[in-house]
Protein chains: 2
Amino acid sequence: MPERKSRKDAVRNREAVLAAADALFARRESPEDVTMADVAAAAGVGKGTLFRAFGDRAGLLRALYEARLEPIREAAEAGPPPLGPGTPPQRRVSALLDAILCFKLDNRRLALALEESGNGSPYQAEHYEWWHSLLRAVLEQVPGLTDSGFTAHALLAATRADLVEHLAGHERVPRETARAQLANFATRVLTSGPARELSADD
Amino acid sequence: MPERKSRKDAVRNREAVLAAADALFARRESPEDVTMADVAAAAGVGKGTLFRAFGDRAGLLRALYEARLEPIREAAEAGPPPLGPGTPPQRRVSALLDAILCFKLDNRRLALALEESGNGSPYQAEHYEWWHSLLRAVLEQVPGLTDSGFTAHALLAATRADLVEHLAGHERVPRETARAQLANFATRVLTSGPARELSADD
DNA sequence: GAACATACGGACCCGCGGTCCGTTTTTCAA
DNA sequence: TTGAAAAACGGACCGCGGGTCCGTATGTTC
């Protein structure tokens, strides 16, 4: 028996909370002045309900984030090129990074809230792990590239939510410019010719 | 007369706090379970004193960080090669990144505490601004490299404290390996594609 | 519709950053 | 040397936010 079905007021409230939180994070300047009590109030629900449904603040953030991310995740896992498999690795890396960047541009506050939300580094988050191993796997197929694990980390670091926020929000870099710069950067990393040192693969 | 000299108990206490905080951050697992009260107690001082001397938690962190960082900063600004000026740009970029990485490896907890310490992104911190503009200036002299502003951000992102912590602490990557990987990564970024390479380093 | 399971919600608790203010120490001029 | 103004001390105190508890309400089942 997988799981007994929830009561319907429970699911209704869950949705309400998700929606309210989404709206709040989008509206408020900084994620950290969206308080749990705020969310509960906005959803027309008691704090107890909120915490029962999501465990803690991080849980709520995670739920929101995963919900938003799922389409992209699927597209990356089994979608059509250039995001999905069956794309030349070099091109696919760029596409993946671009997708992540766009996602974070479109969900700045939320991504920010999740990544900086106190408890533990973003590097233990399940979704990070996922992106990292996917990217690493693809990088492994790029000829002449070593240290794909580290490289994946480094490339992903260029799409960190607070950096994106800084660029888009503070430095006023336009979306397309940011995308172009990231793409350019990725290209540089991938197409470096001569720098192989201890590679024996390929 | 710029500023009247502080009372000597004030400076003594300031030192005591700095030392105590340093020790505490080094010892405790996570920076966030070093409380202000802890620091005050460890320094044998009241909370009031602590806050009067440093303004707030971020101020204390900043003071600690700056103190540790100063030597490297000077070395980078006016020291001998390869860190200082008068070094070929590519080599200098690597040297700078390596210095930052080593610094963060040696001061993991502290760097972590400062970068994640709630208030605002690390990107508004004065020291970040400093590193970024230095690195950007050097990158500007690398032939064939565009977007030096973004590139500087991206390279610095690869040395973020929580990433370093993840690599060194969680993935157990040895120091020298991490350094080599970062250097390799930097090299790739700098010696890209069509421009062939002119690296004769090492 | 009774009896059981489940969810509700807001009063409540706790720890932490930060402030306040009566007390103590330092300084300095007389 | 002294005494009073200036500066610093320190810990009780405050507000806020995350998280819990439990008596009450609502849905579910037979």
Side-chain angles (χ1 to χ4, degrees), chain A residues 1-21 24-25 28-64 109 112-120, chain B residues 1-21 24-25 28-64 109 112-120:
Chain A
M1 45 135 184
E3 53 227 42
R4 43 157 56 94
K5 70 177 186 171
S6 317
R7 254 169 58 169
K8 74 176 177 209
D9 51 351
V11 290
R12 183 173 37 74
N13 281 331
R14 188 170 216 280
E15 295 312 311
V17 167
L18 244 19
L24 277 184
F25 279 112
R28 295 274 226 279
E29 261 310 303
S30 165
E32 66 213 18
D33 51 51
V34 174
T35 142
M36 288 292 146
D38 285 344
V39 175
V45 149
K47 283 179 64 179
T49 301
L50 199 169
F51 280 96
R52 195 170 328 100
F54 297 96
D56 58 5
R57 187 184 167 90
L60 172 59
L61 268 342
R62 239 179 292 127
L64 276 170
R109 308 280 158 67
L112 209 50
L114 186 66
E115 283 188 21
E116 82 180 14
S117 172
N119 59 359
Chain B
M1 180 176 284
E3 54 223 43
R4 58 198 322 139
K5 69 177 187 166
S6 317
R7 258 169 55 170
K8 73 176 180 211
D9 52 350
V11 291
R12 183 173 38 73
N13 281 332
R14 188 171 216 279
E15 296 311 312
V17 167
L18 245 17
L24 277 184
F25 280 111
R28 296 273 226 280
E29 260 309 304
S30 165
E32 64 213 19
D33 51 51
V34 174
T35 141
M36 287 290 133
D38 285 344
V39 174
V45 149
K47 283 179 63 179
T49 300
L50 199 168
F51 280 96
R52 196 171 327 102
F54 297 97
D56 59 4
R57 187 184 167 92
L60 172 59
L61 267 341
R62 240 179 292 127
L64 276 170
R109 309 279 158 69
L112 209 50
L114 185 67
E115 283 188 21
E116 82 179 16
S117 170
N119 59 358

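Every chain is numbered from 1, with letters handed out A, B, ... down the list of sequences. None of the values given here were measured: they were computed from a predicted structure.
Computed from coordinates, the A:D33 CG to D:dG17 P distance equals 9 Å when rounded to whole Å. Rounded to whole Å, atom P of C:dA5 lies 17 Å from atom NZ of A:K5. With rounding to whole Å, B:M36 atom CE is found 12 Å from C:dT19 atom P. The distance between atom CG of B:L61 and atom C1' of C:dG17, rounded to the nearest whole Å, is 13 Å. Atom CG of A:L50 is separated from atom C1' of D:dG17 by 13 Å (rounded to the nearest Å). B:R52 places its CZ atom 8 Å from the C1' atom of D:dG10, with the value rounded to the nearest Å. Atom-to-atom, CZ of A:R57 to P of D:dC16 comes out at 16 Å; the value is rounded to the nearest Å. To the nearest angstrom, P of C:dG10 lies 15 Å from CG of A:D38.
For the atom pair CD (A:E116) and CD (B:E115), the distance works out to 12.5 Å, reported to the nearest 0.5 Å. From B:K47, atom NZ reaches atom CG of B:D38 across 10.5 Å, with rounding to the nearest 0.5 Å. From B:R109, atom CZ reaches atom CG of B:L114 across 15.5 Å, with rounding to the nearest 0.5 Å.
Closest heavy-atom contact between B:V34 and B:R57: O-NH1, 2.8 Å. Between B:V45 and B:L50 the shortest heavy-atom distance is CG1-N, 4.1 Å. Between A:F54 and A:L18, the shortest heavy-atom contact is CZ-CD1, 3.6 Å.
With hydrogens and angles left out, the side chain of A:K8 and the base of D:dG27 share no donor-acceptor pair within 3.5 Å. Between the side chain of A:R7 and the base of C:dA7 there is no donor-acceptor pair of N/O atoms closer than 3.5 Å.
Place B:K47 and A:A37 on DNA chain D by their nearest nucleotides, and B:K47 ends up nearer the 5' end.
You'll find that the side chain of A:D9 is closest to C:dC8, out of D:dG10, C:dC8, D:dG18. Each of D:dC9, C:dA7, D:dG19 was ranked by its minimum atom distance to the side chain of A:A10; first place goes to C:dA7.
Note on B:T49: a base of the nucleic acid sits closer than 4.0 angstrom, heavy atoms only.
The phosphate of C:dG17 has OP1 or OP2 within less than 4.0 Å of a side-chain N or O from B:T35. When the side-chain nitrogen and oxygen atoms of B:N13 are compared with OP1 and OP2 of D:dC9, one or more of them lie within a distance under 4.0 Å.
Within the 4.5 Å cutoff, the side chain of A:L60 has heavy atoms near those of the A:M36 side chain.
Comparing the axis of the opening five pairs of the helix from C:dG1-D:dC30 to C:dA30-D:dT1 with that of the closing five pairs yields an angle of 0°, rounded to 10°.
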